[in-house]
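Every heavy atom of this structure was used, including side-chain atoms; hydrogens, water molecules and symmetry mates were not. Just so we're clear, the structure is a prediction, and the values are computed from it rather than from any experiment. Heads up: numbering here begins at 1 and tracks the sequence.
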Amino acid sequence: MKRLNIIYYFLSIMVAGLISLSACESRLDIAPVTNLTDATFYRTEEDAKSALGACYASIYNPDIFHDLVTTDDAIPFLTGDAARPLVWRYDITPETNYLRFFPGAYQSINRSNIVIKRLPDIPMDEQLRNRYIAEAKFLRALAYLTLVRFYGGVPLVTEPTEGAENLELARAAVADVYALIEADLQEAEQVLPPKYTGADVGRATSNAAKALMARMYLFRAGTDANSPFWQQAAQKTKEVIDEGSFGLYDTFADAFALSARGGKENIFEIQYLTDVSGHGLGRGYGVRGAPIYPGGGAGIARPTASLYQLYTEADQRRDVTFITSYTYNGKTTNLSITDPNPANAISFQKLWDKTAQTNGGEGTSVPLIRFSDVLLMYAEAQNEVNHGPDALAYEALNRVRTRAGLNSYAGLDYQAFKEAVWQERRLEFAFENMRWFDLVRTGRLIDAVKAENSFDRNALIKPFHTLLPIPQQDIDNNPLLEQNPGYEQ
């Protein structure tokens, strides 16, 4: 039965991928979907474009709920789904479905593998073919980087899933996963252009590959002050900064406006269209039951006081990130950071598209790599390389601070500068799936979670929680998977 489960799982990914490919381009001369095969589909340049389109349609970005409630940034509402507070309190088991990130990641990986394998056989412009393959490798690296940071070593799949054979794979060594990520990104940075124009805006670029590589190097450097990865992270971020294609908007609010889609600050993003192909993050993390959202606010989590109160009144990011009051039919409702009633809680609004008229119809971009991230990665790495901040590190950090309306830093020693960057990252990237990874890589997760004890959290966090459990359903499907230490049953 387990064998049948895993066959069904991987074949469903393959079939769904093929259907998605056929749906990406509207053509009159294609065979019916039920007749599409490798022989009839992967034949033309348009087929190649559609195949890559399916990769972008399945860009892997984990549910933001995990990043919020497993850190010190948010509290799940204690009414509704009983599993949510268990994640917040670190009562986590391999059956915790909120932490099952394998299926989405491997669907993305499989679609990338299809492009990488099939496109060399398609007669098409060679330069365009190489670019498409490099884009697919970037997207594969993006998925694997998320997996390895969540789980450690994971199965390495570099060939398309095309049948029922060789589906049970053991976990690869962490170093081998990073080696594939690095190789994919190195090819992408060599082949892809630094920037696109017109309809291609939003595709992976060489700058995106370099920024993602820097993110990988920072995570690998961890808490080792002498790691060679600090220098590599500093080099890659400096290349993006100096290339000049990206920059900061004048105000923090501009970075999250609908007009920022494909704009100068989003090095890589998931693009949406209002009420056409949107997301529901504004409503889903907005004020519970508030009539200002289509269908009412869902409101499944609220910010912690420790996060909200970290912003000073001068910090422009506070009012962009949080909704503290709203007016409806002439009545103003003021919200609270401490009131236990979800309908009265200060909530997140950073990615809320106020023009959306449908549930799940919000068209704001979901940023995966912003230019401010590159600046702060550079400042952090440069401080480590020199064992203290130099003028370039200060310039990078202060560009982010002054854009937020804050004074520049000066006169900090090595440790103070490092902590200043850490705080700036928390303020800048709240609600952007950054906090958990930052706390893990800097060795601060346990202390941060234990310090955030509002609403009687009393988290059961242990050292092994710096990795997530391999989902039990995936172990059942693939007996060669070994569970992470601490989660064994």
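- Put simply, CG on Leu273 and OG on Ser365 are 9.0 Å apart, with the number rounded to the nearest 0.5 Å.
- When side chains are defined from C-beta on, Thr93 does not count as touching Pro469, because their heavy atoms never get closer than 4.5 Å.
- In terms of heavy atoms, Thr237 sits closest to Ala233 at OG1-O, 2.7 Å.
- Side chain to side chain, Glu362 and Thr364 fail the donor-acceptor criterion of an N or O pair below 3.5 Å.
- Between Leu375 atom CG and Glu380 atom CD the span is 13.0 Å, to the nearest 0.5 Å.
- Distance alone, capped at 3.5 Å, places no donor-acceptor pair between the Arg283 side chain and the Tyr293 backbone.
- Side chain of Asp438 to main chain of Arg425: no donor-acceptor pair is present (N/O by atom type, distance under 3.5 Å, no hydrogens or angles).
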| said: Go through it in stages, so that I can follow the logic: the residues are Asp67 and Arg435, the test is salt bridge (Lys or Arg N to Asp or Glu O under 4.0 Å), and I'd like the CA-CA distance, side-chain angles, deciding distance and then a yes or no. | reply: CA-CA 6 Å; Asp67 182 73; Arg435 182 64 174 167; over 6 Å; no

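- Heavy atoms only, all atoms of each residue included: Ala172 and Val177 are closest at CB-CG2, 4.2 Å.
- Counting only heavy atoms from C-beta outward, the side chains of Leu351 and Pro367 approach each other to under 4.5 Å.
- Residue Thr321 holds its OG1 atom at 8.5 Å from CG of Leu427, rounded to the nearest 0.5 Å.
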| task | Please test Ile59 against Leu368 for side-chain contact (heavy atoms from CB on, under 4.5 Å), starting from the C-alpha separation and ending with a verdict. | result | CA-CA 10 Å; Ile59 288 175; Leu368 299 186; 3.9 Å; yes

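- Interatomic distance, Ile292 CD1 to Gln349 CD, rounded to the nearest 0.5 Å: 8.0 Å.
- In this structure, Asn484 contributes its side chain and Leu468 its backbone to a donor-acceptor pair below 3.5 Å.
- The main-chain N or O of Pro471 is never found under 3.5 Å from a side-chain atom of Arg100 such that the two would form a donor-acceptor pair.
- With a 6.0 Å radius and a threshold of 12 heavy atoms from other residues, nucleotides or ligands, Glu482 has its CD atom at or below the threshold.
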| request: For side-chain contact (heavy atoms from CB on, under 4.5 Å), just list the numbers for His465 and Tyr487, CA-CA rounded to whole Å, side-chain angles, deciding distance to a tenth of an Å, and then say yes or no. | output: CA-CA 9 Å; His465 284 123; Tyr487 296 106; 3.0 Å; yes

| message | As a quick check of understanding, evaluate side-chain contact (heavy atoms from CB on, under 4.5 Å) for Leu392 and Lys238, giving each step before the final call. | response | CA-CA 10 Å; Leu392 292 174; Lys238 188 66 162 57; 4.0 Å; yes

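- Here ring pair (Phe, Tyr, Trp, His ring centres under 6.0 Å) pairs that include residues 113-159, with residues two or more places apart or in two chains, are His66-Phe150, Phe101-Phe150, Phe102-Tyr151, Phe138-Phe268, Phe150-Trp436, Phe150-Phe437.
- No side-chain donor-acceptor contact under 3.5 Å links Asn477 and Gln473.
- In this structure, the side chains of Leu248 and Ser372 come closer than 4.5 Å at one or more pairs of heavy atoms.
- The residues Glu428 and Arg401 are annotated as not salt-bridged, no charged nitrogen and carboxylate oxygen being separated by less than 4.0 angstrom.
- For Phe371, the ring-ring contact (aromatic ring centres under 6.0 Å, His included) criterion is met by no residue, not counting sequence neighbours.
- Contacts of Val385 classified as side-chain contact (heavy atoms from CB on, under 4.5 Å), with partners at least two apart in sequence or in another chain: Trp230, Gln231, Ala234.
- Of all non-hydrogen atoms in Asn113 and Pro160, the two that sit nearest each other are O-CG, 3.5 Å.
- Considering only residues two or more places apart in sequence or on other chains, Thr96 meets the side-chain hydrogen bond (donor to acceptor under 3.5 Å, both in side chains) condition with none of them.
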| Check against side-chain contact (heavy atoms from CB on, under 4.5 Å), Glu424 and Leu376 | CA-CA 8 Å; Glu424 211 61 36; Leu376 292 179; 4.2 Å; yes

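- Residues Val366 and Leu281 form a side-chain contact, since some pair of their non-hydrogen atoms from C-beta on lies under 4.5 Å apart.
- Between Phe65 and Leu68 there is no side-chain heavy-atom pair separated by less than 4.5 Å.
- The two residues Ala255 and Arg403 have their closest heavy-atom pair at CB-NH1, 4.4 Å.
- Ile122 pairs by the side-chain contact (heavy atoms from CB on, under 4.5 Å) definition with Tyr42, Ala48, Leu119, Met124, not counting sequence neighbours.
- Salt bridge Arg118/Asp121: absent, no basic N to carboxylate O contact under 4.0 Å.
- Between the side chain of Asn207 and the backbone N or O of Pro194 there is at least one donor-acceptor pair closer than 3.5 Å.
- Listed by chain and number, the residues in a side-chain contact (heavy atoms from CB on, under 4.5 Å) with Glu189 are Gln186, Ala209, Lys210, Met213, Lys236, Glu239 (sequence neighbours excluded).
- Partners of Gln357 under the side-chain contact (heavy atoms from CB on, under 4.5 Å) rule, at least two apart in sequence or in another chain, are Asp275.
- Formation of a donor-acceptor pair under 3.5 Å by the Thr146 side chain with backbone atoms of Leu142 is found in this model.
- In this structure, Thr358 and Pro294 have side chains that are not in contact, with every pair of non-hydrogen atoms separated by 4.5 Å or more.
- Sorted by first then second residue, the salt bridge (Lys or Arg N to Asp or Glu O under 4.0 Å) pairs that include residues 133-161, not counting sequence neighbours, are Lys117-Glu159, Arg131-Glu135, Glu135-Arg203, Lys137-Glu187, Arg140-Asp184.
- Counting only distance, with no hydrogens or angles, the side chain of Asn130 and the backbone of Val191 share no donor-acceptor pair below 3.5 Å.
- To the nearest 0.5 Å, atom CG of residue Asn266 and atom CD1 of residue Ile369 are 10.0 Å apart.
- Looking only at distances, no side-chain donor or acceptor of Ser227 sits under 3.5 Å from a matching main-chain atom of Asp224.
- The two residues Val174 and Gly152 come nearest to each other via the heavy atoms CG2-C, 3.7 Å.
- Pairs passing the ring pair (Phe, Tyr, Trp, His ring centres under 6.0 Å) check and including a residue from residues 234-256, sequence neighbours excluded, read Phe252-Phe256.
- Closest approach of Trp88 and Pro76 over heavy atoms only: CG-CD, 3.3 Å.
- The line from CZ of Phe348 to CD1 of Ile300 is 10.5 Å long, rounded to the nearest 0.5 Å.
- Every residue two or more places apart in sequence or in another chain that forms a ring-ring contact (aromatic ring centres under 6.0 Å, His included) with His279 is listed here: Tyr272.
- At distances below 3.5 Å, not a single donor-acceptor pair connects side-chain atoms of Tyr217 with backbone N or O atoms of Leu212.
- Counting only residues at least two apart or in different chains, ring pair (Phe, Tyr, Trp, His ring centres under 6.0 Å) contacts with residues 174-196 are absent.
- Judged by distance alone, the side chains of Ser245 and Glu243 do bring a donor and an acceptor atom under 3.5 Å apart.
- Shown here are the side-chain hydrogen bond (donor to acceptor under 3.5 Å, both in side chains) partners of Glu432, two or more places apart in sequence or in another chain: Lys350, Arg370.
- Side-chain N or O atoms of Arg441 include none that pairs as donor or acceptor with a backbone N or O of Phe219 at under 3.5 Å.
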